[in-house]
Amino acid sequence: MAAMKGAIASIAPEIPTCDLTHQVPAQNILAARFNLMMAYPYFPKGTVHLAVVDPGVGSSRRAIALQTPSGFFVGPDYGLFCGVIERESILAVVNLTNTRYWRTSKVSATFHGRDIFAPVAAHLASGVPIVLQGDRISPATLVSIDLPRFQETFDSTAEGSRLRFTGSLQYIDSFGNLISNLPARVVPDGPWQLSIELPEGPRRFDGVKTYSDVPVGSLAALVGSHGWVEVACNGGSAFKVLSSWADIGSAVTLFVPSSL
């Protein structure tokens, strides 16, 4: 991190930098995707976002920079930016092939963050057009992460008809909250429940407004500040309680039974 900041400062010492997080688990592209997707909207337009989670550094994977109406994004083409792309239109995307904007043409095989990505980000922040940084490529060719998306269905059970939203976990934060990809807009004004499939059978959690709506140590479902439905433990870690089940990609279902 210090070497990357040094590479940036040597090119654009007047440009302020801000660390997003140091809590992304090593090589965890999904965690990086989520943190970037949640943070970038709060930065000024034109910000350059540098994201380097690069398990294949030195391989044939592409190094890219892309431009959206919100700003620029620089990093390896591993799906890091697919959460951003779902929300933004792409104005330009390039494969970073122009060595003029690297720190050196003889880059380390294990530290592209220092030798390619940080210098490119600094040049972008200094006003160098993205189209000069490399060869333009089609946004359709960018790597995407195959995370199950939420779906809406309507079915009938012995309890009556109900609206069902099925999704999956997309992130587990440092507090142990299990964050799904069910957006806040699917949560009704009235009562609702979230269901998960455990090895011993389904388990349901009542939907609440805040953590304190349930006793300390109890689990509940609610909409977090990030705008997604999550399973949380008041005063504890839902991940520790449900670690035998909880993992990114695990299925979750939100429904409004007619009996509620």
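Every heavy atom of this structure was used, including side-chain atoms; hydrogens, water molecules and symmetry mates were not.
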Let me confirm one number: the [atom1]-[atom2] distance from [X] to [Y], rounded to the nearest 0.5 Å.
{"X": "E152", "Y": "T166", "atom1": "CD", "atom2": "OG1", "value": "10.0 Å"}
{"X": "T141", "Y": "I64", "atom1": "OG1", "atom2": "CD1", "value": "8.5 Å"}
{"X": "Y211", "Y": "N234", "atom1": "OH", "atom2": "CG", "value": "9.5 Å"}
{"X": "I137", "Y": "L142", "atom1": "CD1", "atom2": "CG", "value": "5.0 Å"}
{"X": "L178", "Y": "F205", "atom1": "CG", "atom2": "CZ", "value": "8.5 Å"}
{"X": "K106", "Y": "S108", "atom1": "NZ", "atom2": "OG", "value": "14.0 Å"}

| query | Are I145 and I90 grouped together when hydrophobic residues (ILVMFWY) are joined by side-chain heavy atoms under 4.5 angstrom apart? | reply | yes
| message | When you group the ILVMFWY residues by side-chain heavy-atom contacts below 4.5 Å and let the links chain together, are L169 and L194 in the same group? | response | yes
| side-chain contact (heavy atoms from CB on, under 4.5 Å) between R136 and I130, intermediate numbers included | CA-CA 9 Å; R136 294 194 71 151; I130 188 173; over 6 Å; no
| said: Check this for me: E14, atom CD, are more than 12 non-hydrogen atoms of other residues, nucleotides or ligands nearer than 6.0 Å? | reply: yes
| message | Would you say the ring centers of H49 and F72 fall short of 6.0 Å from each other? | response | no
Report yes or no: does [X] contribute a side-chain atom to a donor-acceptor pair with the main-chain N or O of [Y] at less than 3.5 Å?
{"X": "N35", "Y": "A31", "result": "yes"}
{"X": "N181", "Y": "S168", "result": "yes"}
{"X": "Q170", "Y": "S180", "result": "yes"}
{"X": "D213", "Y": "K209", "result": "yes"}
{"X": "T97", "Y": "G134", "result": "no"}
{"X": "S126", "Y": "A122", "result": "yes"}
{"X": "N177", "Y": "I179", "result": "no"}

| message | Once side chain to side chain contact (heavy atoms under 4.5 Å, CB included) is applied, do any residues pair with A51, and if so which ones, sequence neighbours excluded? | response | L36, L80, F81
| request: Could I get the full list of side chain to side chain contact (heavy atoms under 4.5 Å, CB included) partners for N98, not counting sequence neighbours? | output: R100, Y101
| said: If the condition is side-chain hydrogen bond (donor to acceptor under 3.5 Å, both in side chains), which residues does H123 pass it with, not counting sequence neighbours? | reply: none
Report yes if the side chains of [X] and [Y] come closer than 4.5 Å at any heavy-atom pair, otherwise no.
{"X": "P55", "Y": "Y78", "value": "yes"}
{"X": "I8", "Y": "L50", "value": "yes"}
{"X": "V229", "Y": "V187", "value": "yes"}
{"X": "R61", "Y": "V143", "value": "no"}
{"X": "V84", "Y": "F73", "value": "yes"}
{"X": "V74", "Y": "L96", "value": "yes"}
{"X": "T99", "Y": "V107", "value": "no"}
{"X": "V52", "Y": "M4", "value": "yes"}

| field | Residues R103, D115: salt bridge by 4.0 Å N-O rule | value | yes
| said: Enumerate the side chain to side chain donor-acceptor pair (under 3.5 Å) contacts for residues 81-91, please, sequence neighbours excluded, ordered by first and then second residue. | reply: Y40-E88, T68-E88, S70-E88
| Can you name the residues that form a ring-ring contact (aromatic ring centres under 6.0 Å, His included) with Y171, not counting sequence neighbours? | F34
| query | Minimum heavy-atom separation for R114 to P119, with atom names? | reply | O-CD, 3.2 Å
Identify every side-chain donor-acceptor pair in residues 246-255 under 3.5 Å, counting partners at least two apart or on other chains, and give the distances.
| unit_1 | atom_1 | unit_2 | atom_2 | d |
| --- | --- | --- | --- | --- |
| S250 | OG | W245 | O | 3.1 |
| S250 | OG | D247 | N | 3.1 |
| S250 | OG | D247 | O | 2.8 |

| message | I'd like to know whether T17 forms a side-chain contact (heavy atoms from CB on, under 4.5 Å) with K5, so could you lay out the CA-CA distance, the side-chain angles of the two residues, the decisive distance to 0.1 Å, and finally the verdict. | response | CA-CA 8 Å; T17 60; K5 286 188 173 181; 4.2 Å; yes
| task | Assess whether side-chain contact (heavy atoms from CB on, under 4.5 Å) is satisfied between L124 and Q133, documenting all intermediate values. | result | CA-CA 9 Å; L124 285 171; Q133 305 277 357; 3.9 Å; yes
